[in-house]
Structures are given as structure tokens and as C-alpha cells.
Asks: 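Mind looking over this structure? Questions follow.
Reminder, nothing fancy here: chain letters follow the sequence lines and each chain counts from 1.
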Protein chains: 2
Amino acid sequence: MRKVAESTVRRLSLYLRYLEEFALHGTETVSSETLAHLGGTTSAQVRKDLSCFGSFGKRGLGYAVPELAQHLREILGLTRRYRVAMVGAGKIGSALVSYRGFRERGFDIAAIFDSDPDKVGRQWNGLEVRDIADMEVVLGEEAYEMAVIVTPADVAQAVSERLIKLGVKAILNFAPVQLAVPDDVVVKHVNLALELETLSYALANR
Amino acid sequence: MRKVAESTVRRLSLYLRYLEEFALHGTETVSSETLAHLGGTTSAQVRKDLSCFGSFGKRGLGYAVPELAQHLREILGLTRRYRVAMVGAGKIGSALVSYRGFRERGFDIAAIFDSDPDKVGRQWNGLEVRDIADMEVVLGEEAYEMAVIVTPADVAQAVSERLIKLGVKAILNFAPVQLAVPDDVVVKHVNLALELETLSYALANR
DNA sequence: GTTTGTGAAACGATTCACAGCT
DNA sequence: AGCTGTGAATCGTTTCACAAAC
């Protein structure tokens, strides 16, 4: 199975979302063509993506919706819930904490940290913002495999190191720095200004 | 100028960020190797990326920091400011409006719309949330080329159509739907839950 | 007849390696 | 000597096209 492209994984996530939509409406089977159309790709792409992990369809028929959805959940590691630590209680952090999309997909933000005394102690979506100085104490109580870093750029590297020491293996990083992490830790970088810049490029080069 | 890959454009944005950092510290020249190291890529990649748009370096020396930065700003269309309309005054919208990274890069969110009467009329970062029903009136007063859609999925397509009728040519879409738009309109899709899912996949498949 | 699963072909992006300029 | 710019080679992804299954 080894070596699946990131682009494939992203598409699988998308397919899963559409499958859940179909499941909700009671649709029983779906073709690669239908999934492709919804996901903005081609039927061959859908089949290739799936073929990385097995053959889930019936020739002449298509894919059984709930079964394929379940396979995708297993492939994507979404049959369990994840406890997520969030560091940085700024505006973006605030939005993420109450973002239902995370909880719906199995990601529970279960701890929030900030260094600003004005923020520490406040309740956020039923969760107390803790002092970043207490991170080791708070996170030591339960296992956290995932974290979201929403701090200023200059502290993000140090924060990531503390998180990794505490067992975090996956980081979603909103700080505009390239984090240096060990090989067994995976980092996904999100940079919203950069997304607008790709749009600006597209506008300027038509 | 030939077809430039999206990945190239994203890296150029990154290089620009580092160049501005160097400019701030008064560094005068920088090598492809240095930029590569900061951006997590290779020197050959940096040179290839730049070579799509011209030859900006001096052999034996490297690149002049302020000059290359200016070239990149021009390439990326960042020598001007953009008026951005935002539709959807939820939590994510709220975070984006006060996100300094946008303004710093030339993107001014200059209008916010929502359909919720509780939100309409409220001041957000010095900007009044307007009724989405008045979108045509408000946006008709000034030219808007860019928009951010932060609405629920079910209205995003209709909202995009109205925006496009009003002259919007670039959309950053946070709603989890694939928007269908004319060829001359560019859409960038952001899906935060999906980013966590790629992390979950990585954790599950080690 | 329809739709999957998959090698093979086409395409695109990255890396190599070196000639050419400073 | 040092570093860029770039064609050529490599590597990875997408598309094609068709045999096999239903």
C-alpha cells in the first residue's frame, strides 16, 4: 500500500464527505463518475485513489455508499476521536474552538493555552483557557496526539518542541514559520494570507 | 510567460515573506540556497521557480534582497491593494476580519454581510455588518474583485453567483462545497477539517 | 450494457549537473 | 571561486483505454 500522495488523501476526505451526504439521503450506491463530478475530478482519478487501498466497488454497479464510507473512515483514521490541544487563544483560535466541523469529524479541542493573563481563566466554549506555563501539567493528565498552534511566529517553534515532548505527533500550524520537527511528527501548515496571494497572482496574470 | 504551477506560486509567496524579513534586517543579498533552506526546499527549486519570470540574480553573488522582493510583489500582484467583500459573519469570518495578516499583505476587508438580523448592524472591527439582501446596493458603490465566502454550504453557490454578477473575479471559499463558476473567475477552497484529516491519516498510517 | 480496476501512456514537477557569468 | 540559469534526466501524478466482473 505504501506511499500514497497527499493529494490522494485530500480527495479521499472529500469523497467521504459526499458519501456521508448520500448516506443521509438513503442513496445506496454511487459510481466513480458521480463522486468525480462532485469532487471536481475524473472517474479514473476516483478509482485510482481508491485502488491504493483495495477494491471496494462492484463492476457494473458502483460503490455501496455506507460500506465505502466506512472503508474511507478506517483509511483516514477517523473511526476514533482525537483529543486536540490548542495553543494560542487569539481570534483564529477562538473561531476554531467553536468550529463544529472539527467536532463532527472526531477532533475534540480539549485544552486551550495562552500566555496573556487577560485571557487565562476565561471560558471558551465551556473550556477554560489555561496558562501556557502550565502546559506540561495540564497535558500530562491525558494523552494528546494532536495540537493546533495559533501563536505568533516567534514562539511557535518553542511551543512545538514542548508539545512534542508531551507526546504530540501531529501539529496543525497557523503560525507563519516552517517548524523543524522530528521525523515521526507530522506538521500541516495553514497560511490564510498565502491563499489570498495565490488569488492575487491569478488576477494579475490573466 | 509559460504556465506556472500553483505550487510555484505558493513558494514565491513564501520566498517573499523571507525576503521581507531580510530587508528588515538590512541584509543586502541572499542566495538560492538560503531561501531554499528557510522555505524547506532546494536551491535548484528556488532558481527554477524564479526562472519562470526572469533572471533576477547575479551569478557568483546571489539575489539583491529588495529588488527580488519587489519583483515578487509585482509577479504576485501585490503592488496594489484589494478591496475584499466578506459574506458570512460567523466565528471564522470574525477571526478573518481582524486578522492582521490580510491587511499587511494588501487585502482590505471592506464589506461584511450576513442574513442573521442579530448580526446585521453590529460593528466588526470598525465595519458595520450589512444585510446580505443589500449586497447589490452596497457592493455596487465600489469595485470589489475579491470575496471571502464563510457561509453555510447550502447558500454558498447562490452567494458566489451574486458576487460574480457584481464583478468579483476571485473567491476564497470556506464553505464545504465545490463552487461552480465561470472560467474567468478563480476560486480557492479552504477546508480546515480536511487539514486535520490529512494529519489523522498520517497518524493512522505509520 | 454498465462500471470497476489497472497496466501503459501522457503529462507535470522536481532534481541533477554543468556551462556561463560575476 | 561562487552562484545563477537552464536543458536533460528523473520522479511522481493523472489520464487513457480496455479487459474483467456484474
Asks: Rounded to whole angstrom units, what separation is found between the CZ atom of B:F53 and the P atom of D:dG5?
Replies: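 Computing the B:F53:CZ to D:dG5:P distance gives 14 Å.
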Asks: Expressed as a whole number of angstroms, how long is the span from B:Q45:CD to D:dG5:P?
Replies: 15 Å
Asks: Of the listed nucleotides (D:dT14, C:dG5, D:dT13), which one gets closest to any side-chain atom of A:S55?
Replies: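 Of all the options, the side chain of A:S55 is nearest to C:dG5.
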Asks: For B:S7, which contact category applies under a 4.0 Å heavy-atom criterion: base, sugar-phosphate, or nothing?
Replies: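 Counting heavy atoms under 4.0 Å across all strands, the contact made by B:S7 is with sugar-phosphate only.
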Asks: Answer yes if the ring centres of B:F102 and B:Y99 are under 6.0 angstrom apart, and no otherwise.
Replies: yes
Asks: In plain terms, say whether A:R206 and B:D184 are close enough for a salt bridge, that is, a side-chain N and a carboxylate O under 4.0 Å apart.
Replies: no
Asks: Atom CG of A:L12 to atom P of D:dT13: distance rounded to whole Å?
Replies: 13 Å
Asks: In whole Å, what is the span from the CZ atom of B:R11 to the C1' atom of C:dT14?
Replies: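 Rounded to the whole Å, the gap is 8 Å.
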Asks: Could a donor-acceptor pair under 3.5 angstrom be found where the side chain of A:K48 meets the base of D:dT15?
Replies: yes
Asks: Closer to the 5' end of DNA chain D via nearest nucleotide, is it A:E6 or A:R47?
Replies: A:E6
Asks: What integer distance in Å separates A:D49:CG from D:dT14:P?
Replies: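 That distance rounds to 7 Å.
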Asks: What's the separation between atom NZ in B:K169 and atom CE in B:M146, rounded to the nearest 0.5 Å?
Replies: 13.0 Å
Asks: Between B:K3 (NZ) and D:dT14 (C1'), how many Å, whole number?
Replies: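 Distance, rounded to whole Å: 14 Å.
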Asks: For A:L68 and C:dG5, what is the distance between atoms CG and C1' respectively, to the nearest whole Å?
Replies: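 From A:L68 CG to C:dG5 C1': 14 Å.
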Asks: Determine: side-chain N/O of B:Y63 to OP1/OP2 of C:dT22, distance under 4.0 Å, yes or no.
Replies: no
Asks: For A:L61 and for B:L50, find the nucleotide of DNA chain D with the closest heavy atom, then tell me which residue's nucleotide is more 5'.
Replies: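 Its nucleotide being nearer the 5' end, the pick is B:L50.
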Asks: Mind telling me whether A:Y82 and A:F107 have parallel, tilted or perpendicular rings, with 30° and 60° as the class edges?
Replies: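 Correct class here is parallel.
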Asks: Quick check: any donor-acceptor pair below 3.5 Å linking the side-chain of B:R59 to the base of C:dT22?
Replies: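 No.
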Asks: Please confirm whether the shortest side-chain N or O distance from B:S32 to OP1 or OP2 of D:dT4 is below 4.0 Å.
Replies: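 It does, given that an N or O in the side chain of B:S32 lies less than 4.0 Å from OP1 or OP2 of D:dT4.
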Asks: To the nearest Å, how far apart are A:E67 CD and C:dT4 P?
Replies: 15 Å
Asks: To the side chain of B:T42, which of D:dT6, C:dT6, C:dT15 is closest?
Replies: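 Of D:dT6, C:dT6, C:dT15, C:dT15 is nearest to the side chain of B:T42.
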Asks: Determine, for A:E6 against A:R11, whether the closest basic-nitrogen to carboxylate-oxygen distance falls under 4.0 angstrom.
Replies: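 Here A:E6 does not pair with A:R11 in a salt bridge, since their nearest N and O are not under 4.0 Å apart.
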